[in-house]
Amino acid sequence: MKELSPLQIERLKYQPKLPSSLSGGINNLELTEGNKTQSVKDREQIKELFKNTYGKPLITFKSTSKTLTCEQRNIGVILSGGQAPGGHNVIAGLYDALKQANPKNKLYGFLGGPSGIIEGNYIEFTDEKINAYRNTGGFDIIGSGRTKLETEEQFQSALKVCKKLEITGVVIIGGDDSNTNAAMLAEWFVKNNAGIQVIGCPKTIDGDLKNDQIEISFGFDTATKTYSELIGNILRDANSAKKYWHFIKLMGRSATHVGLETALQTQPNITLISEEVEEKKMSLKQIVDYIADIVAKRAEAGKNFGIALIPEGLIEFIPEIKSMISGLNDTLAALENDSSYKNAEENKKFEIIKNKLNSENAEVFASLPVIIKQQLLMDRDPHGNVQVSKIETEKLLIQMVSEKLAEMKKAGKYSGKFSAQCHFFGYEGRCAFPSNFDADYCYSLGFNAFALLKFGLTGYLSSIKNLSSPAKDWIAGGVPLTMMMNMEKRHGEFKPVIKKALVELNGPVFKVLEQNREDWALNDRYIFPGAIQYFGPSSVCDIVTETLKLENNVKLASV
């Protein structure tokens, strides 16, 4: 028998909260249509690609006294992409709504991500199975995967599996790329009169799947609180030992929402924001000079210690390196089937690539340490991009800052000691026990996903809004997936994808960091958040992220 920790036992008992519009019952809902929508960019191209699902209206639900019956239905669910705290509760919410609508309804879980619906690997959920995973972290209930759904053969296989199981609706739980899959599948099913709906749920700890209708992606709350606890522990250690600089790389490839949120929760000495680096066109040298300057100023005050937060994707936002990586991606795509390159020794590979890059990119590539070159040439991710999490940017910066400080010491501009430690916080937060916020939010997203299916909708993303208010005041509804799409270059070709939400440098969240940056750099304003709290006063256990509070305050002020 599987042993459970005391916390596991208690969390299994937790009953997530629902918005009042949903808590009245899945069969007592009324749908309201809002304005018709358009894609955020490239409207003509997106409209042409999604002829059957483009331009749909926004949806909101409210509770009604009228009871609607639900015919028996079978639904499938997929966990897609990287893990995020709360995924199990999305499935639990979906299951509870489905069974509440009609006890004869069935929920099938496809195993190993999108490949499960293609290959026909699945389980049927039972009360016993669901109850063992409520309010827990991870995606281990059915596993996840990163298979892209984009070919005719895949769609035909998915249809065959759904027909075999008499499935009439599929819920895909994932991030921007996973929900692009959902949009593609929804369009294909409608085009081919399959009679199968597709609904997405917004997942990603990176926080880059959001807009006016999706205030936050699930998992962000829990992950940033988990990282902030760890950063707080290191802040305390640094302030105790007073002899180390800690360079902490944080997950977040394309956007720095995680780094920004954890900075506001902990107030470290240095926080690099990728979007700011790109906006200001900061070179690698300028970044190193900025860090070295703060290290030197703190040393003058007798403080040979500090903490620097480094975004995972920083290296791609440095203009000269971003250009080089873009060229590198295209070059490697072209060399994919080149046996002479594949069989070449490492130094020869470096030479081949250098000769195929333009002169500026070749110069940047040649200037990098061998270890960074090796990491840049590792296998691409499923989208054809460099796996930036494998690039040890924190070590590169430590090495270059150390060299800069040595130069400053020779010139008599620095007399301190620089001893550095490096960390990468990524996997530590992806499967943490979901916070009360994420437990409630995810359960509501799943419950709401079935409401969208019940009303015959397809090509929508489950949306729960007004999230800085108590759960009873949250607003349930749906957003057309095509509304969030634009065209981006992938594997050398332009493809429709959901647009990533990057940190807004004119937004209220970044402005707080900007206003306090100099003070936090030189003074020790450290905050120690401690572990996530699940019990006690709501002011302690139901705290929402600083990002959500600040962004929602601005929305309220503009109304």
Side-chain angles (χ1 to χ4, degrees), residues 50 52-53 72-84 87-88 90-95 97-98 105-126 129-130 133 138-204 209 382-383 445-446 449-450 452-454 456-462 481 495-498:
F50 296 89
N52 299 284
T53 52
Q72 183 181 347
R73 299 193 60 180
N74 295 347
I75 304 298
V77 64
I78 298 169
L79 289 168
S80 180
Q83 293 81 357
H88 290 159
V90 179
I91 295 176
L94 175 62
Y95 180 83
L98 174 146
N105 287 344
K106 295 179 180 180
L107 180 62
Y108 293 97
F110 290 108
L111 304 176
S115 63
I117 196 172
I118 297 169
E119 298 166 5
N121 297 324
Y122 62 89
I123 61 167
E124 181 183 340
F125 285 111
T126 61
K129 181 75 171 178
I130 291 289
Y133 285 90
F139 278 9
D140 46 312
I141 191 169
I142 50 174
S144 185
R146 296 185 182 273
T147 302
K148 294 283 287 178
L149 293 175
E150 54 187 353
T151 69
E152 181 71 18
E153 183 182 7
Q154 289 174 323
F155 295 147
Q156 290 285 0
S157 295
L159 176 60
K160 184 177 179 181
V161 170
C162 287
K163 290 297 185 184
K164 172 189 170 186
L165 298 173
E166 299 182 332
I167 284 174
T168 58
V170 176
V171 175
I172 296 179
I173 303 167
D176 53 335
D177 286 304
S178 299
N179 278 293
T180 296
N181 283 352
M184 299 284 285
L185 188 61
E187 174 69 18
W188 192 90
F189 278 155
V190 175
K191 179 182 175 183
N192 290 276
N193 298 311
I196 302 170
Q197 302 159 249
V198 182
I199 300 296
C201 285
K203 173 248 24 163
T204 172
L209 176 53
H383 317 298
L445 284 170
F450 185 74
L452 293 167
L453 291 169
K454 190 171 185 291
L457 300 169
T458 191
Y460 274 79
L461 191 65
S462 180
L481 287 163
K495 295 187 177 183
V497 295
I498 290 174

For residues 107-114, which side-chain N or O atoms pair as donor and acceptor with protein atoms under 3.5 Å away, sequence neighbours left out?
none

Between the OG1 atom in Thr151 and the CD atom in Gln156, the distance rounded to the nearest 0.5 Å is 9.5 Å
The salt bridge (Lys or Arg N to Asp or Glu O under 4.0 Å) partners of Glu124 (sequence neighbours excluded) come to none
Quick check: do Leu98 and Asn105 have side-chain heavy atoms less than 4.5 Å from each other? yes
Residues 160-185 vs ring pair (Phe, Tyr, Trp, His ring centres under 6.0 Å), sequence neighbours excluded, gives none
Residues passing the side-chain hydrogen bond (donor to acceptor under 3.5 Å, both in side chains) test with Thr126, sequence neighbours excluded, are none
Taken in chain and number order and not counting sequence neighbours, the residues that satisfy side-chain contact (heavy atoms from CB on, under 4.5 Å) with Lys495 are Glu150, Arg490, Glu493
Applying side-chain contact (heavy atoms from CB on, under 4.5 Å) to Ser144 and not counting sequence neighbours gives Leu79, Phe139
For residues 157-177, the ring pair (Phe, Tyr, Trp, His ring centres under 6.0 Å) pairs (sequence neighbours left out) are none
Rounded to the nearest 0.5 Å, the CD1 atom of Ile172 sits from the OG1 atom of Thr180 at a distance of 10.5 Å
Note: Ile118 and Val161 closest approach over all heavy atoms is O-CG2, 4.0 Å
Between the CZ atom in Phe155 and the CD1 atom in Ile117, the distance rounded to the nearest 0.5 Å is 10.5 Å
Using only atom types and a distance under 3.5 Å, with no angle test, would you say the side chain of Asn179 pairs donor to acceptor with the backbone of Leu481?
no
To the nearest 0.5 Å, atom CD1 of Ile91 lies from atom CZ of Phe125 at 4.5 Å
Indicate every side-chain donor-acceptor pair of residues 181-192 with a distance under 3.5 Å to a residue at least two apart or in another chain.
residue, atom, partner, partner atom, Å
Asn181, OD1, Leu149, N, 3.3
Asn181, ND2, Thr147, O, 3.4
Glu187, OE1, Asn52, N, 3.3
Glu187, OE1, Thr53, N, 3.1
Glu187, OE1, Thr53, OG1, 2.6
Glu187, OE2, Lys51, N, 3.2
Glu187, OE2, Asn52, N, 3.1
Glu187, OE2, Asn52, ND2, 2.8
Trp188, NE1, Glu152, OE1, 3.0
Asn192, ND2, Trp188, O, 2.8

Closest non-hydrogen contact found for Leu453 with Gly169 is CD2-CA, 4.0 Å
So OH of Tyr133 and OH of Tyr95: to nearest 0.5 Å the spacing works out to 14.5 Å
Between Gly174 and Leu209, the two heavy atoms sitting closest are O-CD2, 3.9 Å
Applied to residues 194-204, the side chain to side chain donor-acceptor pair (under 3.5 Å) test, sequence neighbours excluded, yields Arg73-Gln197
Nearest heavy-atom approach of Gly87 to Ile173 is O-CD1, 4.5 Å
Evaluate the side-chain proximity of Ile167 to Lys106: yes if any heavy-atom separation is below 4.5 Å, no if none is. no
By side-chain hydrogen bond (donor to acceptor under 3.5 Å, both in side chains), Glu166 pairs with (sequence neighbours left out) none
Distance col, row Leu461:CG vs Leu445:CG, nearest 0.5 angstrom, shows 8.0 Å
* Test item: Asn121 and Ser115 side chains (from C-beta on) under 4.5 Å apart, heavy atoms -> no
Sorted by chain and number, sequence neighbours left out, salt bridge (Lys or Arg N to Asp or Glu O under 4.0 Å) with Lys163 holds for none
In short, Cys201 meets Ser462 closest at the heavy-atom pair SG-CB, 3.9 Å
